[in-house]
2 protein chains.
Amino acid sequence: MSQPVFQAVETNAPQSLAKLKEFLRIPSVSAKPDHAGECKRCAEWLAAEIRSTGLWTKIVPTKGHPIVLAGNQPQAGRPTVLFYGHYDVQPPEPLDQWLSPPFEPTERDGGLYARGAADDKGQVWCHVEAIRAWQANGGLPVNIIMVIEGEEEIGSDNLETFLREYASQLKADVAVISDTNQFARGIPAITYGLRGLVYMEVIVTGPSHDLHSGMFGGSVPNPANVLSAMLATLHDRDDRVNIPGFYDDVVALTKVERDAWAKLGFDDKQAMQELSLPGLTGEIGFTTLERRWARPTCDINGLTSGYQGPGAKTIIPAKASAKVSMRLVPNQDPKKIQAAFELAMKSRCPSTVTLEFRNFGASPAIVVPIDGKAIKLAGAAVRTGFGAEPVFMREGGSIPVVGQIKTILGIDTLLVGFGLPDDRVHSPNEKFDLDAFHKGMRTAAALYGELAGL
Amino acid sequence: MSQPVFQAVETNAPQSLAKLKEFLRIPSVSAKPDHAGECKRCAEWLAAEIRSTGLWTKIVPTKGHPIVLAGNQPQAGRPTVLFYGHYDVQPPEPLDQWLSPPFEPTERDGGLYARGAADDKGQVWCHVEAIRAWQANGGLPVNIIMVIEGEEEIGSDNLETFLREYASQLKADVAVISDTNQFARGIPAITYGLRGLVYMEVIVTGPSHDLHSGMFGGSVPNPANVLSAMLATLHDRDDRVNIPGFYDDVVALTKVERDAWAKLGFDDKQAMQELSLPGLTGEIGFTTLERRWARPTCDINGLTSGYQGPGAKTIIPAKASAKVSMRLVPNQDPKKIQAAFELAMKSRCPSTVTLEFRNFGASPAIVVPIDGKAIKLAGAAVRTGFGAEPVFMREGGSIPVVGQIKTILGIDTLLVGFGLPDDRVHSPNEKFDLDAFHKGMRTAAALYGELAGL
């Protein structure tokens, strides 16, 4: 490990934080069509910053938001690392719950609060600054290719086409992603498994317009009543997902994994306190970590129908819709699960209304082997960066690109994440821990050093 | 019947329409706290207009929106009529479905389109113009007291207090309300029954903030899942309301009524076409008219939870809420039904979330006798005004004041309505038929003449 590189990271720390704040001020919300200009601006800003470290950059247009591609001059005889990240962020709503504006990064209680702070701008920034430090001290010791996309939060629809088109330029020995968490404060982690995702919108339409609930109530199908009844069928009494075929391909957890996870000492009571919940719940027969990391789910993410303002409005709504997403575990096929979901909903929908679906993403779960050389080097880098032994864990979230990198490019991915479980990613008051930012930059710097030995 | 009065109605018709448009331009949306000023302005405008006919007026403040009180100088030896109407309107949302702005009254295809056109400003206006015509031709032949409130659409919360406080000034032989419909175009009606209403909001709260559905999904209670499951229990397979005790006090329809309604020749197919519905539905064993007029209901009027914007946001929402209203039939006690609803929801709610209720109105159903002298005189007035024989019908809507007028003041109400079933009240593109407006003014004029003989 190169000591001057570490020193450069330390010396640059104030500017690094200032630059991250610039990054976070750009509201690159990929889900909102009217934010397309901000996404483009964010890509251009990011490319310019990466270029300032001495790498070449290219902004690759897609049917959606552009991809930032970058790299150094490859040198024969040394390993190539493919770095993936995303510059897009989740919508900030509900706005009234933010203690400081979502796109005005604010330091508070040791954290930097902003939408995208941890997911994923802050973690991408750890790598940009690590690269800057290496480049200022003799250059990166590996060949690097960076792919930073703008559609991760909306299903990475255009990434697959890009990976196929640019496959010959993306050949690498290992991929690196920092878009996951530490296990807890002081316990850094390497993540070896992620859940997949199928995200659907279900739309039930009844009468052509809202109707007076007195004049018509009781004699016409009410789309909100119908939708609620359909959604209620999605779970059985044991909180198992009630869609025929849903569990058919699920691989059972091994005793080794269950034992290892039990030893991590997850505290249900503390989780309840942190979330202000009177109780945890979930599929019968599994622990909280098992439910989060290794069991598939079906959750309503949003409901919309009829009158939502203050007071009373007596209508039969013309329409009701729900956003419903399913987290998948290894061996579940997203396309098969999507089809099973649609079939179940269709079969449970009365003929007095019309039913439509929209899909916003379908990606499989992944599990990477934990006994390879690269993952050992990553473990050493985390140890150097954090000064603590990492644990090996899975996560419940989804990073669809990991599966695509494996399928299309044939490359395994190292998931070396710097977030904390209480970072409130996707929620109001998202933050990135300032200590994690600092140790993340160190870990990224160490990682490129270690991977030179691959 | 006084011929000059009819002629005055005819002569004034253009100004009457212009004045009604002025009335409709005031967005007196009682449900919205920020529209309180508009409600006050509407009351003041209306009082000034009534004063211009020669009646005295008084604006009575309440804890909510003010009440317009008006009258002529009572003369001994002639009947007293209590007129009730409301100047408040439903919220106009969803705005994007209006073909012309809701508060810019627009004539189109024989109708006047605006929020409140039929419910109830247009119908109130028929009476104001009828009174103006009488006053210009020797004066009204009856003593009149007018009560026009501003909170009908939000449960008439402050009306009861007013009726009790002013009871001594509100003594009358009969009450008149025009806030109901004709049976169909060309078939005017006297309405002798209305359903009651209990309007609730159900709020389920889970975690203290929205959570990432990947990191937490499957291990925490999802308020949207919980709420959907609870709402789904509100009906059984036969579309009967599934709340213990709900039907206990319901009085069965008589064979006489069922036969009379069957003869009205309601056309299910035509109703489906008008509403663009693939099918009608409702409680098993009843016709459409019976379901609308004489059976209690439970309908979701609005659903809100989580992310409702475009695309995907992967969250477990912190909160989910539903507006749910029940239409009641004679003999059901609103307080008892509200309690039964809350008890059912509580008993079906898991202990892992918190549950709250809000109430926005509770009023009983009413049925008025159809063999009295006043209702016969009203029938004669409708015959004169519309040139057609009225039918006697019930309606599914609720006008809570009818019950209060009976209970507090001991007065029966004549429901003489000029709306049409396709007026889209409470919906986008509400209208008042211009022919109905014209015949409504004639009928109101005839009614005050007839009631002089009470």
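Within every chain, numbering begins at 1; the chains are lettered A, B, ... in the order of the sequence lines, protein sequences first and strands thereafter.
Both the backbone and the side chain of A/Y307 come within less than 4.5 Å of a heavy atom in chain B. For B/E274, the part sitting under 4.5 Å from any heavy atom of chain A is the backbone (N, CA, C, O) and nothing else. At a 4.5 Å heavy-atom cutoff, the contact between A/P221 and chain B is made by backbone and side-chain atoms alike. Using a 4.5 Å cut-off between heavy atoms, A/T297 touches chain B through its side chain atoms alone. With a threshold of 4.5 angstrom between heavy atoms, A/Q90 approaches chain B through side-chain atoms but not through N, CA, C or O. A/L197 touches chain B through its side chain: at least one heavy atom from C-beta onward sits under 4.5 Å away, while N, CA, C and O do not. Looking at A/S325, only its side chain comes within 4.5 Å of chain B, counting heavy atoms on both sides.
Among A/R295, A/H235, A/M215, A/M230, the residue with the largest count of heavy-atom pairs under 4.5 Å with chain B is A/M215.
Checking side-chain atoms of B/K313 against main-chain N and O of A/E93 turns up a donor-acceptor pair under 3.5 Å. With A/R292 contributing its side chain and B/S219 its backbone, the two residues share no donor-acceptor pair below 3.5 Å. Remark: the backbone N or O of B/A312 is not paired with any side-chain donor or acceptor of A/N301 at under 3.5 angstrom. In this structure a side-chain-to-backbone donor-acceptor pair under 3.5 Å is present from B/H426 to A/T314.
Counting heavy atoms from C-beta on, the side chains of A/L280 and B/V220 come closer than 4.5 Å.
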